[in-house]
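Single-structure report; data block below.
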Amino acid sequence: MRELTGRTPPPREPGPPAAAGVAFVVGYLLSKNPGLTSIDPDLDLIESRVLDSLGFVNFLYALEEHTGREISLDRVSPEDFRTVNRIARRFLDDVPDD
């Protein structure tokens with residue numbers, strides 16, 4: 001899309017669509033928790049033990065690989081990983097804020 005000035009805006013770095021990103025997160029978490037068949041997007045993943053400390057590190061690496069972006073541990077908090085919706089808002093593209 002061209003701006004009114006006639007200049008072409010710089011290309012946006014591609015990221016996964018939000019729906020695909022959410023599907024990735026849910027699929028990953030289900031694969032690590034075979035006793036679950038679904039995950040509510042507002043379920044507290046930490047409190048419910050869907051995501052524990054060891055699983056968090058592995059999930060972080062998988063999320064980095066999926067998004068193609070490094071996630072700096074000093075720029076995140078456990079709250080960013082509480083729910084699928086929070087993960088989507090914080091780390092996945094094109095997810096509207098509440």
Side-chain angles (χ1 to χ4, degrees):
M1 175 179 205
R2 297 183 74 83
E3 295 178 20
L4 293 177
T5 62
R7 293 183 302 208
T8 303
R12 183 168 178 239
E13 214 171 290
V22 169
F24 165 77
V25 170
V26 171
Y28 178 89
L29 294 172
L30 288 174
S31 74
K32 301 300 180 187
N33 294 276
L36 297 176
T37 58
S38 66
I39 296 176
D40 183 288
D42 291 315
L43 174 71
D44 188 317
L45 302 172
I46 297 169
E47 190 173 293
S48 65
R49 310 271 309 147
V50 171
L51 195 57
D52 60 18
S53 57
L54 179 59
F56 171 76
V57 173
N58 293 328
F59 174 68
L60 190 62
Y61 287 128
L63 188 59
E64 285 181 331
E65 187 173 300
H66 178 75
T67 63
R69 294 181 295 232
E70 184 178 337
I71 299 171
S72 176
L73 288 177
D74 58 340
R75 299 182 119 190
V76 297
S77 78
E79 296 306 308
D80 293 327
F81 298 90
R82 283 265 173 210
T83 69
V84 171
N85 281 335
R86 285 188 187 180
I87 293 167
R89 279 193 301 272
R90 179 71 167 85
F91 302 103
L92 304 172
D93 293 338
D94 304 324
V95 177
D97 290 328
D98 288 338

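With hydrogens and angles ignored, the 3.5 Å screen pairs no side-chain donor or acceptor of Asn33 with any backbone N or O of Gly35. Between the Asp80 side chain and the Ser77 main chain, a donor and an acceptor come within less than 3.5 Å of each other.
Atom CG of Asp42 is separated from atom CZ of Arg82 by 13.5 Å, given to the nearest 0.5 angstrom. Rounding to the nearest 0.5 angstrom, the gap separating the CG atom in Leu43 from the OG1 atom in Thr83 is 8.5 Å. Note that CG of Leu63 and CD1 of Ile71 are 4.0 Å apart. Values are rounded to the nearest 0.5 Å.
Annotation for Glu47: atom CD does not count as buried by contact number, only 12 or fewer foreign heavy atoms lying within 6.0 Å.
A ring-ring contact (aromatic ring centres under 6.0 Å, His included) with His66 is found for one member of Tyr61, Tyr28, Phe24, Phe91 and no other, namely Phe24.
In this structure, Leu73 is a member of the same hydrophobic cluster as Phe81, with clusters built from ILVMFWY side-chain heavy atoms closer than 4.5 Å.
Side-chain atoms of Leu36 and Leu29, non-hydrogen and from C-beta on, never get closer than 4.5 Å to each other. Two residues are said to be in side-chain contact when any heavy atoms from C-beta on lie closer than 4.5 Å; Ile46 and Pro78 meet this criterion. Residues Lys32 and Asn58 form no side-chain contact, since every pair of their non-hydrogen atoms from C-beta on lies 4.5 Å or further apart.
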Steps toward side chain to side chain contact (heavy atoms under 4.5 Å, CB included) verdict (Ile39, Val25) = CA-CA 10 Å; Ile39 296 176; Val25 170; over 6 Å; no

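Gly21 and Leu92 make their closest contact through C-CD1, 3.4 Å (heavy atoms, listed as atom of the first residue, atom of the second, distance). When every heavy atom of Arg75 is checked against every heavy atom of Arg90, the shortest pair comes out as O-NH2, 2.5 Å.
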